[in-house]
2 protein chains.
Amino acid sequence: MQHQRPKIVDVARLAGVSTATVSRVLSNPQIVNAETRRLVEEAIRQTGYRLNHAARNLRHRRTGGVVALVPNLSNSFFSQILAGMAAVLAPAGYNLLVADTRAEGGASILRYAEPSRADGLIVLDGSLPAEGLARRVPVVLACEWIPGFAAPRVKIDNRQAAQMAVEHLIALGHRQIAHVAGPVGNVLTDARLAGTELALKAHGLPPPRVFPGDFTLASGQRAGAAWLALPPGERPTAVFLASDEMACGFIGEVQHSGLTVPRDVSVMGFDDIELVAHMTPALSTIHQPRNAIGRHAAQRLLDRIGGDEGSEDTVLPVELVLRGSTAPPRG
Amino acid sequence: MQHQRPKIVDVARLAGVSTATVSRVLSNPQIVNAETRRLVEEAIRQTGYRLNHAARNLRHRRTGGVVALVPNLSNSFFSQILAGMAAVLAPAGYNLLVADTRAEGGASILRYAEPSRADGLIVLDGSLPAEGLARRVPVVLACEWIPGFAAPRVKIDNRQAAQMAVEHLIALGHRQIAHVAGPVGNVLTDARLAGTELALKAHGLPPPRVFPGDFTLASGQRAGAAWLALPPGERPTAVFLASDEMACGFIGEVQHSGLTVPRDVSVMGFDDIELVAHMTPALSTIHQPRNAIGRHAAQRLLDRIGGDEGSEDTVLPVELVLRGSTAPPRG
DNA sequence: CGGAGTTATGTAATCGATTTCAAGGGGGTT
DNA sequence: AACCCCCTTGAAATCGATTACATAACTCCG
């Protein structure tokens, strides 16, 4: 190895052309004479040349990367969304960087929102400060969103989805329906609660009893304990939880106490994460098209990077998935 | 906005110093006179200057990024490992890029293994070609590994872990123990199968009946169907599956048929993904320290990038987690 | 007071590619 | 023969930071 790593001038020298020509072969082959091109390609092969992306990016004033800001990387809900994004970004020549907004200290996460770090940002966390994001790089919001921050959003209709879920429980004959909410201050929490209340109101039923939650298994378990702690006569006969993880925790707790789902209580989740189809009982839930959310978000971002100024929302359809955890109330 | 984006010369001009001095304030403040430093910092504030990473990286001949090659981003098993890696890399000033080795076409994934793209690579997929990886950037293998490829590995002792699992089943009194294996050709598949066979042999029991699998829920479900298809007298009384996801599929299928776990069959998983603690029955399994795997892998890579040549393995301890899915055989 | 040593700063080369601008050569037209 | 155009190609500027080397000022000491 005479050179640590061949550069474009090494290729140029070997091929007997200028660096400009080599560069053209690399990025715009058809404008180079066929024979010259062949020579250069041969030189590239012989030297084992690989281009330096830092240099190209510097010249192009771009980074070739897109950052996804995820509230919690450990949450499997996001992994399929990331997979969808990667599937769109990779063919377009972009790298996907992921960052956990919780793991890294508050505002420092915004260091990713710089043009020299990333060409664009996909934000999946509605709790980030709008000021920090403004005027930096193209942004797309997915799933969650930031009130007062104008950017294209890729989302589902959470309110309507919650309505569908509760309508189903009502149709089964339930009259006392509880809701286990998401974390306080989250936009999804509010939308799903609103949908729940709307559906009940539309059927002349009283507002739901609401148990606190935060989308995690553990909080679902606590909700289960809280439900069990009620006098049997006062227990809602159906519970709609704002996430599947919580539903799993809830069902686990209820079954542990010896009661049975859906005989003693109907349970409805939200998200349709893969596992819940295989539990016993299989969970009835709202299916979120997670891969599609990732793909659309990535595509919207690419459009934005390409100069598209549109900021209308993309609302993807959900599906009511009925499985074994919901049934008519007893008696 | 007169400038699109202030550069280091703008700061220098405003502070009345050279770009060299500004650069020094940025990366080595203590060698600059306190008063000058104050001036420069003030100028940085006034101009709203942000440094361009592409330029710095070009000069430093580094990228500031680390790539994780994951077999399947949708698999929640990996998300917690990624979280662990991010927790170590971010404070060290590295970005974490993730790529799905399955989603992107075969060899093209190796484009990430270039010094100008990433300063290092964490490979979680044992099926990548060793030749492609050799002699490129520092590599650390995590979980899986590539036979014949020398690099530090961060892993668990899969053989021994499988042994522990099967020993437990034997201790409960089981004599007919089946194994549901991982995908053919995978190093984990072989190690876990070997451990299973070893444990049985040590107790004078015949080799296990082996059902094919590939770590996915669906394959676990198929294994459940295959188990059910056996004449009741020939059914193994316990099944050890090479992943929790498969165990979930298996249990789901068995319970669907009206049988009960662990009364009719004991089930043992592998991984201890978060959800399985909340199923009914809760799954007995082998706990893998996923966050720690991620952290250690990231740390090893940082060491390697820093010049450490060591390539010994880091073997992290697993735990046998006993929950409700295993019990003595009937009768 | 001259010389060594220290500290602080500036000048200019450098990282490795891309791209503007200019120019050479060939063909066709009048 | 003069002119124009197109096709190729090269020279050199450029992207925005870092840093080796040079230099100036100041201190210390015999």
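Note that the structure is predicted; figures quoted are calculated from it, not measured. Letters go in sequence order (proteins before strands), and every chain restarts at 1.
Here the P atom of nucleotide C:dG26 and the CG atom of A:Asn33 are 13 Å apart, to the nearest Å. Note: CZ (A:Arg62) to P (D:dT14) measures 23 Å, nearest angstrom. Here the C1' atom of nucleotide D:dA17 and the CG atom of B:Asn28 are 15 Å apart, to the nearest Å. Atom CG of B:Asn57 is separated from atom P of D:dC15 by 18 Å (rounded to the nearest Å).
Checked against salt bridge (Lys or Arg N to Asp or Glu O under 4.0 Å), A:Arg38 has the following partners two or more places apart in sequence or in another chain: A:Glu35. Every residue was checked against the salt bridge (Lys or Arg N to Asp or Glu O under 4.0 Å) condition with B:Arg290, not counting sequence neighbours, and none meets it. Evaluation of the side-chain contact (heavy atoms from CB on, under 4.5 Å) rule for B:Gln299 yields B:Val88, B:Leu302, B:Asp303 as partners, not counting sequence neighbours. Here B:Glu309 pairs with nothing under the salt bridge (Lys or Arg N to Asp or Glu O under 4.0 Å) rule; sequence neighbours left out. Every residue two or more places apart in sequence or in another chain that forms a side-chain contact (heavy atoms from CB on, under 4.5 Å) with B:Thr189 is listed here: B:Ala181, B:Pro183, B:Asn186, B:Phe215. Residues forming a salt bridge (Lys or Arg N to Asp or Glu O under 4.0 Å) with A:Glu114 (at least two apart in sequence, or on another chain): B:Arg50.
Residue pairs that meet the salt bridge (Lys or Arg N to Asp or Glu O under 4.0 Å) test with at least one member in residues 59-85 of chain A, sequence neighbours left out, do not exist here.
Between the side chains of A:Thr63 and A:Asp119, a donor-acceptor pair is found at a separation under 3.5 Å. Looking only at atom types and distance, the side chain of A:Asp10 has no donor-acceptor partner in the side chain of A:Thr47 under 3.5 Å away. No hydrogens or angles considered: nothing links the side chains of A:Asn33 and A:Arg37 as a donor-acceptor pair under 3.5 Å.
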Output side-chain donor-acceptor pairs under 3.5 Å for residues 19-30 of chain A, partner residues at least two apart or in another chain, one line each.
from: A:Ser27; atom 1: OG; to: A:Ser23; atom 2: O; distance (Å): 2.9
from: A:Asn28; atom 1: OD1; to: A:Gln30; atom 2: NE2; distance (Å): 3.0

(Q) Across nucleotides 16-24 of chain C, 5' to 3', mark each nucleotide with B, S or - according to how protein heavy atoms within less than 4.0 Å reach it. (A) BSBBB----
Q | Step-by-step salt bridge (charged side-chain N to carboxylate O under 4.0 Å, His left out) determination, A:Asp308 to A:Arg300 | A | CA-CA 9 Å; A:Asp308 179 359; A:Arg300 283 307 295 274; 5.1 Å; no
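At a non-hydrogen distance threshold of 4.0 Å, nothing from residues 34-47 of chain A comes into contact with DNA chain C.
Note on the helix from C:dC1-D:dG30 to C:dT30-D:dA1: terminal axis deviation equals 60°, with five pairs used at each end and the result rounded to 10°.
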Which atom pairs link the protein and nucleotides 24-27 of chain D when you take only N or O atoms and keep those under 3.5 Å?
none

